[in-house]
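Structure, as structure tokens:
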Protein chains: 2
Amino acid sequence: MKRTPGEISKMTERFEGAIRRAGIKLTPQRIAIYREVARTADHPDIETVFRNVRRKLPSVSLDTVYRTLGLFADLGLVMTVRPLGYRLRFDANTSPHHHFVCTRCGATLDFEYREFDTLRIPAAASALGRVESRHVEFRGLCASCAPGPARSKGKSAKRTNGTRSHRP
Amino acid sequence: MKRTPGEISKMTERFEGAIRRAGIKLTPQRIAIYREVARTADHPDIETVFRNVRRKLPSVSLDTVYRTLGLFADLGLVMTVRPLGYRLRFDANTSPHHHFVCTRCGATLDFEYREFDTLRIPAAASALGRVESRHVEFRGLCASCAPGPARSKGKSAKRTNGTRSHRP
DNA sequence: TTCTTAATTAGTAAATATTCCTATTTATCG
DNA sequence: CGATAAATAGGAATATTTACTAATTAAGAA
């Protein structure tokens, strides 16, 4: 799920422009955190971003990661994704896309859905308020959880539907 | 957003049948929790369910509410909804519907979207796994947050996009 | 009905996740 | 270079969710 160096620098460039336009400081922490999120397309959670950024900047605090990703979300530089019950995740991909969430392992996968993007907003929804963004989430078993591995007890059986196991 | 007594008893009836078919116990706690979630359509969070159920059963524990709603979700009796950053919420409405989430006040409103329900699943998504459920989320400002009230500083300004304010 | 038993719960402790507070550092601009 | 408002680190404080265990109880058998 790695992005190419070319993609990353293009994204970073846009990022720096956005920060400047917003009139806020371009700090090494912000750059490192953005680059970490932009590096791959696999929806890292806060903990992961924190851990990886620390390898470059050993002194960054967890608070800074929360604060910074929240800022990026407000600026529209990253999308927030809720893999339903697991940790809050961020995605540097801000082009219109949607998510497939595996209900077993929690994998969150992007896909495009042009037919949906161009679908009209139903009156039932516009009556509720001004729709500013739209997002589809499919839930199901991902390819690696679905058919073959009838085994796999513990590890891959993380709950990801926002609940936990009702103890037997 | 109240449901009528008629709706509620019909739902409760189905609920009791489902519990029996699942071969698990029909306890007063489970009944009270289900009825509380079925009572309205406004997506209560755990805390709210807990508080209201306690008025009927003063001894229920928070753990029981978590456990029980998780069980219901597994049985398909409630849907889990992530209003993006706020508390996990549950919805007893299991008929196909979608959500409008207010990015200011966190209100989570249902709407139907037949055109989407009948849209074909794109190949890009079915390649990722077997799609078992599909859900649309619109984000924006709800009717009461949108135009008029230019005031309202603190209270109604809860962040609901999974982030928090970057302190100035 | 009473008995038996495995499931369920209450209550509390513990683990996670997120946010707040403040002294210190630093990017930006003149 | 300064000045200064913004941003950060570090740790404390909250909030949320889960785990543990003794006691209770629903459901089925007798």
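Predicted model, so just to flag it, every value in this text is computed and none were measured. Just so we're on the same page: letters track the sequence lines, and every chain starts at 1.
Side-chain nitrogen and oxygen atoms of B:Thr64 include none within less than 4.0 Å of the OP1 or OP2 phosphate oxygen of C:dT9. Contact annotation: A:Tyr66 side-chain N/O to C:dT18 OP1/OP2 distance is under 4.0 Å. Contact check, B:Arg30 against C:dT8: a side-chain N or O comes under 4.0 Å of OP1 or OP2. At C:dT26, none of the side-chain N or O atoms of A:Gln29 fall inside 4.0 Å of OP1 or OP2 (strictly under the cut-off). A close approach under 4.0 Å does occur between a side-chain nitrogen or oxygen of B:Ser59 and OP1 or OP2 of C:dA10. Of the side-chain N and O atoms in A:Arg67, one or more sit less than 4.0 angstrom from OP1 or OP2 of D:dT8. Remark: B:Thr27 is in phosphate contact with C:dT9, judged by side-chain N or O atoms under 4.0 Å from OP1 or OP2.
Whole-Å rounding puts the B:Ile31 CD1 to D:dA27 C1' distance at 13 Å. One interatomic measurement links the two molecules: CG of B:Leu62 to P of D:dC20, which rounds to 17 Å at whole-angstrom precision. The nearest whole Å value for the distance from the CG atom in B:Leu57 to the P atom in C:dG11 is 12 Å. Distance, A:Leu69 CG to C:dT19 C1': 15 Å, rounded to whole Å. In this structure, CD1 of A:Ile24 is placed 10 Å from C1' of D:dA7, rounded to the nearest angstrom. Distance B:Arg20 CZ to D:dG28 P: 8 Å, rounded to the nearest Å. If you measure from atom CG of B:Asp63 to atom P of D:dT21, you get 14 Å, rounded to the nearest angstrom. Residue B:Glu47 contributes atom CD, which lies 16 Å from atom P of D:dT14 at whole-angstrom precision.
Residue-environment remark: CD (B:Glu13) stays at or below the threshold of 12 foreign heavy atoms within 6.0 Å. For A:Arg130, the CZ atom is loosely surrounded, since the number of other residues' heavy atoms within 6.0 Å does not exceed 12.
Counted by atom type alone, A:Thr12 and A:Ser9 present zero donor-acceptor pairs between their side chains at under 3.5 Å.
Ranking D:dA27, D:dA9, C:dA10 by closeness to the B:Ser61 side chain, first place goes to C:dA10.
Nucleic acid contact for B:Pro58: none, since no nucleic acid atom lies under 4.0 Å from a heavy atom of the residue.
The base of D:dA7 does not come close enough to the side chain of A:Lys25 for any donor and acceptor atom to sit less than 3.5 Å apart.
Inter-residue side-chain proximity for A:Met11 and A:Arg14 is flagged as met; some heavy-atom pair is nearer than 4.5 Å.
Taking the six-membered ring wherever Trp is involved, the centroid distance between the rings of A:Phe111 and A:Phe138 falls below 6.0 Å.
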